[in-house]
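Take a look at the structure below.
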Amino acid sequence: RSGKMAKSTQLIDNEVFQAYATYTAIVLLKMMLMSLVTAYFRITRKAFVNPEDTASFGKGESAKKYLRTDPDVERVRRGHLNDLENIVPFVGIGLLYALSGPDLSTALLHFRIFAGARIMHTFAYLIPLPQPSRGLSWAAGYAVTFSMAYKVLKTVLFL
Amino acid sequence: RSGKMAKSTQLIDNEVFQAYATYTAIVLLKMMLMSLVTAYFRITRKAFVNPEDTASFGKGESAKKYLRTDPDVERVRRGHLNDLENIVPFVGIGLLYALSGPDLSTALLHFRIFAGARIMHTFAYLIPLPQPSRGLSWAAGYAVTFSMAYKVLKTVLFL
Amino acid sequence: RSGKMAKSTQLIDNEVFQAYATYTAIVLLKMMLMSLVTAYFRITRKAFVNPEDTASFGKGESAKKYLRTDPDVERVRRGHLNDLENIVPFVGIGLLYALSGPDLSTALLHFRIFAGARIMHTFAYLIPLPQPSRGLSWAAGYAVTFSMAYKVLKTVLFL
């Protein structure tokens with residue numbers, strides 16, 4: 001028993017992996033938050049896409065008018081999709097990077113910049129802030145993920 | 001050799017990790033199924049988005065009329081995107097959770113509720129069932145993922 | 001110290017895992033490239049979606065005309081979403097597959113077909129090539145992911 005359990009906890013005892021786990025949980029929770037923000041805007045703006053979602057507003061034309069797009073809802077949805085497009089590569093490449101034996105301080109720098117950049121990106125998208133706020137925060141997260149991918153490929157390349 | 005191979009199989013010999021692997025494979029296969037359902041509705045409803053996909057229906061106007069949106073196709077696509085938004089956090093956070101040393105029974109409870117909730121969500125979306133069926137199944141998967149993230153951050157927090 | 005470091009590098013010393021890491025980094029980088037292609041088409045076609053992105057083109061009506069959809073931009077975005085829908089299952093199921101102890105040659109065959117299929121899919125989508133180019137490259141990646149999921153479930157099934 002102890003042998004098996006020990007194995008399963010050793011990865012999680014590695015400090016670089018702990019940092020990866022922490023920042024991955026944070027950025028995934030931040031991405032999940034976008035669902036709640038979408039729901040909030042759908043309800044307050046009364047802008048739905050599925051007929052069954054407007055049933056509580058009555059039947060027929062009175063409910064149908066709530067089946068519409070709203071600029072605020074669409075903005076959150078674009079932010080959510082942008083999260084998916086950027087956080088998925090971070091989670092996948094970040095895991096391989098954490099296993100590739102980087103220095104703890106270098107790894108922390110990568111993870112912190114990425115998490116900070118994505119939180120900035122969300123504020124820049126939702127407020128919205130004037131460009132290039134959103135562009136730069138997107139680029140920072142992108143560059144950090146690219147840098148981790150480079151380290152992974154340099155360490156393990158096996159084609 | 002045996003040392004290296006042993007290491008690589010030890011993670012997979014852990015029961016919590018086996019459960020994670022099983023439920024992750026199931027929900028990812030379920031998500032992949034959405035592509036087939038989309039293709040089915042595109043073909044039966046004759047509703048395509050790429051001009052090259054309608055070439056077999058002839059040229060010019062006769063093919064162009066099939067470049068249109070269809071409510072059934074759009075419904076499946078929304079279900080597919082909702083899967084991506086919710087299954088990605090489950091796969092990422094679930095992996096870290098499985099490595100954080102939870103009780104097997106607690107882990108199984110989390111994984112089973114998530115998989116059941118996402119399968120329910122798909123039926124609720126595609127049939128469609130009246131609300132709050134879809135809302136509740138979405139919320140159950142969301143809550144379970146949040147609970148796993150809490151356990152991960154409590155175990156490994158390294159900022 | 002050496003004990004802990006050794007553990008963290010053992011997974012990465014496994015050749016199947018090295019191959020998984022290599023091909024996962026490649027397909028995730030390919031997916032990330034879609035963001036740059038989208039930005040390229042948005043700028044050259046002057047087709048934006050966020051008002052704050054057109055501020056450099058002046059104010060009022062002169063900028064508003066660039067808030068529009070463009071067929072090339074939409075095409076790249078569809079390719080990007082298709083990547084997400086297919087590369088996410090590959091990354092998740094591929095990790096479990098790599099840990100399930102497959103033969104190196106079998107694993108390499110799976111990873112190479114997937115990466116090749118997704119690169120083909122991108123060319124077929126963006127050029128675009130006549131069907132069934134895009135359909136077949138999509139199906140090849142899908143089949144390979146399905147095959148890995150089958151191996152995972154056969155090895156670890158724990159419901």
Side-chain angles (χ1 to χ4, degrees), chain A residues 1 3-36 38-39 42-43 48-56 67 77 80-81 83-85 87-92 94-95 98 104 107-108 111-112 115, chain B residues 6-7 9-18 20 71 74-75 77-79 81-82 84-102 124-125 127-135 138-139 141-143 145-146 148-159:
Chain A
R1 180 182 174 283
K4 218 184 260 185
M5 289 302 288
K7 291 302 179 269
S8 80
T9 52
Q10 267 149 2
L11 197 58
I12 213 85
D13 285 345
N14 178 284
E15 288 185 327
V16 170
F17 193 81
Q18 287 177 344
Y20 166 74
T22 301
Y23 286 98
T24 289
I26 288 170
V27 293
L28 287 175
L29 285 171
K30 192 224 74 59
M31 188 173 87
M32 289 171 67
L33 196 62
M34 302 304 269
S35 300
L36 296 185
T38 301
R42 282 205 184 283
I43 291 165
F48 299 91
V49 65
N50 296 300
E52 67 268 27
D53 299 354
T54 61
S56 61
L67 294 177
R77 294 184 64 226
H80 200 164
L81 186 57
D83 269 353
L84 267 173
E85 292 171 357
I87 289 175
V88 163
F90 172 81
V91 172
L95 173 66
L104 177 60
L108 276 171
F111 301 156
R112 285 169 181 162
Chain B
K7 290 302 178 267
T9 54
Q10 267 148 1
L11 197 57
I12 213 85
D13 285 345
N14 179 283
E15 288 185 327
V16 170
F17 193 81
Q18 288 176 344
Y20 166 75
E74 296 309 306
R75 181 173 283 276
R77 293 183 65 226
R78 289 196 299 275
L81 186 57
N82 194 280
L84 267 174
E85 292 170 358
N86 289 280
I87 290 175
V88 163
F90 172 80
V91 172
I93 290 170
L95 174 66
L96 306 173
Y97 172 76
L99 297 173
S100 72
Y125 219 148
I127 293 178
L129 298 176
Q131 284 285 26
S133 312
R134 199 182 84 238
W138 171 83
Y142 196 88
T145 308
F146 196 87
M148 295 194 302
Y150 176 78
K151 169 75 163 78
V152 168
L153 289 176
K154 213 182 57 171
T155 309
V156 306
L157 193 67
F158 193 108
L159 286 163

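Convention: sequence-line order gives letters A, B, ...; per-chain numbering from 1. Just so it is clear, the structure is predicted and the values come from calculations on it, not from any experiment.
In this structure, the portion of Leu153(B) lying under 4.5 Å from any heavy atom of chain A is its side chain and not its backbone. Contact of Ala55(A) with chain B is not made at all, since no heavy-atom distance falls under 4.5 Å. Residue contact with chain A, scored on non-hydrogen atoms closer than 4.5 Å, involves the backbone and the side chain of Tyr142(B) alike. Only the side chain of Met31(A) comes within contact range of chain B, with at least one heavy atom under 4.5 Å from a heavy atom of that chain. At a 4.5 Å heavy-atom cutoff, the contact between Leu129(B) and chain A is made by backbone atoms alone. For Phe17(A), the part lying under 4.5 angstrom from a heavy atom of chain B is the side chain only. In this structure, chain B has a heavy atom under 4.5 Å from the side chain of Leu81(A), while its backbone stays farther away. Contacts of Val49(A) with chain B are made by both backbone and side-chain atoms, with heavy-atom separations under 4.5 Å.
Here the closest non-hydrogen pair linking Val91(A) and Gly92(B) is CG1-CA, 4.4 Å.
The line from CG of Leu11(B) to CG of Leu11(A) is 7.0 Å long, rounded to the nearest 0.5 Å. The distance from atom CD of Glu52(A) to atom OH of Tyr125(B), rounded to the nearest 0.5 Å, is 7.0 Å. With rounding to the nearest 0.5 Å, the separation of CZ in Phe158(B) from CG in Asn14(A) is 9.5 Å. In this structure, OG1 on Thr38(A) lies 10.0 Å from CG on Asn82(B), to the nearest 0.5 angstrom. Phe146(B) contributes atom CZ, which lies 9.0 Å from atom CG of Leu33(A) (distance to the nearest 0.5 angstrom).
For the set Leu36(A), Asp83(A), Ile87(A), the count of heavy-atom pairs under 4.5 angstrom toward chain B peaks at Leu36(A). Per-residue heavy-atom pair counts under 4.5 Å with chain A were compared for Ser133(B), Pro130(B), Pro89(B), and the maximum is reached by Pro89(B). Comparing Val27(A), Leu84(A), Val88(A) by heavy-atom pairs within less than 4.5 Å of chain B, the highest count is held by Leu84(A).
A heavy-atom distance below 4.5 Å is not found between the side chains of Val156(B) and Tyr20(A). Between Thr24(A) and Val152(B), the closest side-chain pair of non-hydrogen atoms is not below 4.5 Å. Counting only heavy atoms from C-beta outward, the side chains of Arg78(B) and Asn50(A) approach each other to under 4.5 Å.
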Would Glu85(B) and Arg77(A) satisfy salt bridge (Lys or Arg N to Asp or Glu O under 4.0 Å), going step by step from the backbone distance to the final call?
CA-CA 11 Å; Glu85(B) 292 170 358; Arg77(A) 294 184 64 226; 5.9 Å; no
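Checking side-chain atoms of Thr22(A) against main-chain N and O of Leu159(B) turns up no donor-acceptor pair under 3.5 Å.
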